[in-house]
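Written below as structure tokens is the structure these notes are about.
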There are 2 protein chains.
Amino acid sequence: MTAMDPLFKGSTPMLILSVLVEKPMHGYAIAKEIEQRSADFLRFREGTLYPALHEMERKGWIAGRWEVTDGGRERKVYAITPLGLRELERQQHAWRRFSRALEAVIGRKSSEGGLETCTT
Amino acid sequence: MTAMDPLFKGSTPMLILSVLVEKPMHGYAIAKEIEQRSADFLRFREGTLYPALHEMERKGWIAGRWEVTDGGRERKVYAITPLGLRELERQQHAWRRFSRALEAVIGRKSSEGGLETCTT
DNA sequence: TCCGATGCATCTATTATCAATATATCAGAC
DNA sequence: GTCTGATATATTGATAATAGATGCATCGGA
């Protein structure tokens, strides 16, 4: 995650699940995919990514399996589970709800004050 | 903050600044205002609110002043500072940027997969 | 051989809440 | 006067989620 703000905390699992729902991927590729989709805005550190993957596996949201690439390299590919799919939906819904609520607070000031947001 | 998700962490200062930009308020009223605006979705615990206010005061984003109400009751009223105003703008901008990036990741799955989000 | 890319892992420090708790005082009901 | 609820503030320890720092391994190309 971009070292910008505490605002961004907590979204790691949802992001990971979001890319895994399309197809199974190994850790490094997950990070790359998210990075690419967000135009390099969202980035993981290893210290965040791998513990998160392990935790999600422990929770049963994803399942990991070691594979060997053509080049003979090993990597662990993760796939989303039905439980993970449900969790993703829950988090998406929560996110949308939260986002709306937040906008209701910060957005209302915008519509009333006007000055600051004109410069935003 | 509603005890829902780690997704919601980190937005406390921005929310507080958002209400203070309209007019000075004491702690309890700030919490009430945010709660009301978000239709009871966003709520603070005292353990979060007051340390956050103190920290923001220490950072110079807000300034507090003890007042006495008509009923003779004391309370500490906080007002946003110019520095706080700038910080609010920064955080709003960061939030909007982050929000867009997040949607780019989770939203893209939605538009492609279709099934899950149809039920969202 | 060396370097960069790919790929994974782990640990500590930091940060931001959550939970739990406590104190104080006003206002209204009994 | 007493009790209860609302108002108002404060603090502390536990917990969770990163950020930073580091390390290991291996393939591919120069």
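Worth knowing before you read on, the calculation uses all heavy atoms, side chains too, and leaves out hydrogens, waters and symmetry mates. Every chain is numbered from 1 and lettered A, B, ... according to where its sequence line falls, protein lines coming before strand lines.
One atom, CD of A:Glu67, and another, C1' of D:dC27, lie 17 Å apart when rounded to the nearest Å. Note: CE (B:Met25) to P (D:dT9) measures 12 Å, nearest angstrom. Rounded to an integer number of Å, the gap from A:Met56 CE to D:dA17 P is 12 Å. Atom-to-atom, CZ of B:Phe44 to P of C:dA16 comes out at 14 Å; the value is rounded to the nearest Å. The separation between A:Glu55 atom CD and D:dT15 atom C1' is 13 Å, rounded to whole Å. Rounded to whole angstrom, the span from the NZ atom of A:Lys76 across to the P atom of D:dT26 amounts to 18 Å. In this structure, B:Leu49 atom CG and C:dA16 atom C1' are separated by 14 Å, rounded to whole Å. Note: CG (A:Leu53) to C1' (C:dA9) measures 11 Å, nearest angstrom.
Considering only side-chain atoms of A:Tyr78, the nucleotide from C:dC18, C:dA9, D:dG20 that sits closest is C:dA9.
Using bins of under 30°, 30° to 60° and over 60° for the plane-to-plane angle, the ring pair A:His54/A:Tyr50 lands in the tilted bin.
Separating the CZ atom in A:Arg97 from the CG atom in A:Leu102 is a distance of 13.0 Å, to the nearest 0.5 Å. Between the CD1 atom of A:Ile106 and the CE atom of B:Met14 there is a distance of 4.5 Å, given to the nearest 0.5 Å.
Using a cutoff of 4.0 Å between basic side-chain nitrogens and carboxylate oxygens, B:Arg86 and B:Glu89 are not scored as salt-bridged. Under a 4.0 Å N-O distance rule, the pair A:Glu67/A:Arg65 qualifies as a salt bridge. Using a 4.0 Å cut-off between a side-chain N of Lys or Arg and a carboxylate O of Asp or Glu, B:Glu103 and B:Arg100 do not qualify as a salt bridge.
Remark: A:Thr12 is not in phosphate contact with D:dA17, judged by side-chain N or O atoms under 4.0 Å from OP1 or OP2. Applying the 4.0 Å criterion to OP1 and OP2 of D:dA10, one finds that B:Tyr50 has every side-chain N and O outside that range.
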All N/O contacts under 3.5 Å from nucleotides 20-23 of chain C to the protein, with atom names and distances to one decimal?
none

Please list, pair by pair, any protein nitrogen or oxygen found under 3.5 Å from a nitrogen or oxygen in nucleotides 2-6 of chain C.
| residue | atom | partner | partner atom | Å |
| --- | --- | --- | --- | --- |
| C:dT6 | OP2 | A:Tyr28 | OH | 3.1 |
| C:dT6 | O2 | A:Arg73 | NH1 | 2.7 |
| C:dT6 | O2 | A:Arg73 | NH2 | 2.8 |

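The shortest non-hydrogen separation linking B:Thr48 to B:Pro51 is O-CD, 3.7 Å.
Criterion: ILVMFWY side-chain heavy atoms under 4.5 Å apart, direct or through other members. Under it, A:Val77 and A:Leu17 are not part of a common hydrophobic cluster.
Counting heavy atoms from C-beta on, the side chains of B:Gln91 and B:Trp95 never come closer than 4.5 Å.
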